[in-house]
Amino acid sequence: MGRRPFIVANWKMNKTVDESVGFVEKFLPLVSGVEDVDIALAPPYISLMPVSRALQGSSVALAAQNMHWEEAGAYTGEISPGMLRDAGCRYVILGHSERRQYFGEGDGEVSRKVLAALQEGIVPVLCVGETLGERDHGRTFDTVGGQINGGLADVVLESGQDIILAYEPVWAIGTGKTASPEEAQEVHSFARNQLSDIFGNNVAGSIRILYGGSVKPENAGVLMSMADIDGALVGGASMEPDSFAGIVRFGN
Ligand code: 13P
């Protein structure tokens, strides 16, 4: 299908500005020969500008971890789509399970954010995934399907617009428990069918679906070999340049 692999580092609430820039300085030489993989780093907000500068001249892109849907106004503590564009963000992670779990984000907010990102020309990375309880009760597809439909409500992709989906089973995040490649593929394939229902087969076939949840250099290759796994959204193993570069070079 020709989907370019996409590997994203989500640093969550980790790294000072100096640590973020220090990472970039060590990381860029490690991936300088990599041409067939898209790479993005999502540092905390205050490191966006310095990391953006440090990435200049490289093909590694900048991503934000969240944003508000309004362009400006009285929203204390929030950051707008335009501000992220201004900082050089090409992507924004939206609806991460930690946002849903700790900050009460629901599909309604996530959908507004997705629409606002597209409007601003930022590519949304929409995160979906079931909890362990939902999986145990046979509700994985219900949950993931509902989050996809909810997060993409009213989205019409115009030509040149792109979205990324990230399947992150909540029980695999930061736990060291990775979904088996087959378990992940089963949900990715379901998600692609759901995308086909929304956007049609052609568009759904071009949308990259990332897997997230305890991805490491040791398991990246086999996950990436699955038909509908097009990349990885990496937390813990993206914190060290060597380890993240090992994931970017999956299988090499
Ligand atoms: P871990 O890679 O630490 O499991 O985190 C996954 C994640 O939440 C990335 O967004």
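Residues: numbered from 1 along the sequence shown. Just so you know, ligand 1 is whichever comes first in the structure, and atom 1 is the first atom listed for that ligand.
A parallel orientation is assigned to the rings of Phe190 and Phe141, their planes being inclined by less than 30° (bins at 30° and 60°). Taking the six-membered ring where tryptophan is involved, the planes of Tyr211 and His188 are tilted, since the angle between them lies from 30° to 60°.
Remark: Asp230 engages Arg192 in a salt bridge, criterion side-chain N to carboxylate O under 4.0 Å.
In terms of polar-atom proximity, Gly212 is not counted as a contact of ligand 1, lacking any N or O under 3.5 Å from an N or O of the ligand. When only interatomic distances are considered, the shortest N/O to N/O separation between Ala237 and ligand 1 does not fall below 3.5 Å. When only interatomic distances are considered, the shortest N/O to N/O separation between Gly236 and ligand 1 falls below 3.5 Å. Looking at ligand 1, you'll find an N or O of Ser214 within less than 3.5 Å of one of its N or O atoms.
Summarising the contacts of atom 9 (C) of ligand 1 with Glu98, Gln65, Lys177, Glu168, the nearest heavy atom is found in Glu168.
Dense packing is recorded around CD of Glu71, with more than 12 heavy atoms of other residues, nucleotides or ligands lying under 6.0 Å away. Annotation: Glu240, atom CD; neighbour count of heavy atoms from other residues, nucleotides and ligands within 6.0 Å does not exceed 12. For CG of Leu132, the number of neighbouring non-hydrogen atoms (other residues, nucleotides, ligands) closer than 6.0 Å is greater than 12.
Remark: side-chain polar atoms of Glu109 are paired, donor with acceptor, to backbone N or O of Gly106 under 3.5 angstrom.
Listed by atom number, the atoms of ligand 1 under 4.0 Å from His96 heavy atoms are 7 (C), 8 (O), 9 (C), 10 (O). Residue Ala172 approaches ligand 1 through these ligand atoms, each under 4.0 Å from one of its heavy atoms: 4 (O). Close approach of ligand 1 to Gly213 is summarised as follows: ligand atoms under 4.0 Å from at least one heavy atom of the residue are 4 (O), 6 (C). Interface atoms of ligand 1 facing Gly174, defined by a heavy-atom separation under 4.0 Å, are 1 (P), 3 (O), 4 (O). Using a 4.0 Å cut-off to heavy atoms of Gly235, the atoms of ligand 1 that qualify are 1 (P), 2 (O), 3 (O), 5 (O), 6 (C), 9 (C).
If you check which protein heavy atom lies closest to atom 5 (O) of ligand 1, you get Lys12 NZ, 3.3 Å.
The residue Cys127 has no part lying near ligand 1, judged by heavy-atom distances below 4.0 Å. Under 4.0 angstrom from ligand 1, the non-hydrogen atoms of Asn10 all belong to its side chain.
For Asp162, the salt bridge (charged side-chain N to carboxylate O under 4.0 Å, His left out) partners are Arg208, not counting sequence neighbours.
Using a 4.0 Å cutoff on heavy atoms, Lys216 does not count as a contact of ligand 1.
Neither Val123 nor Met67 shares a network with the other; the hydrophobic side chains, linked directly or stepwise wherever heavy atoms of I, L, V, M, F, W or Y lie under 4.5 Å apart, form separate groups for each.
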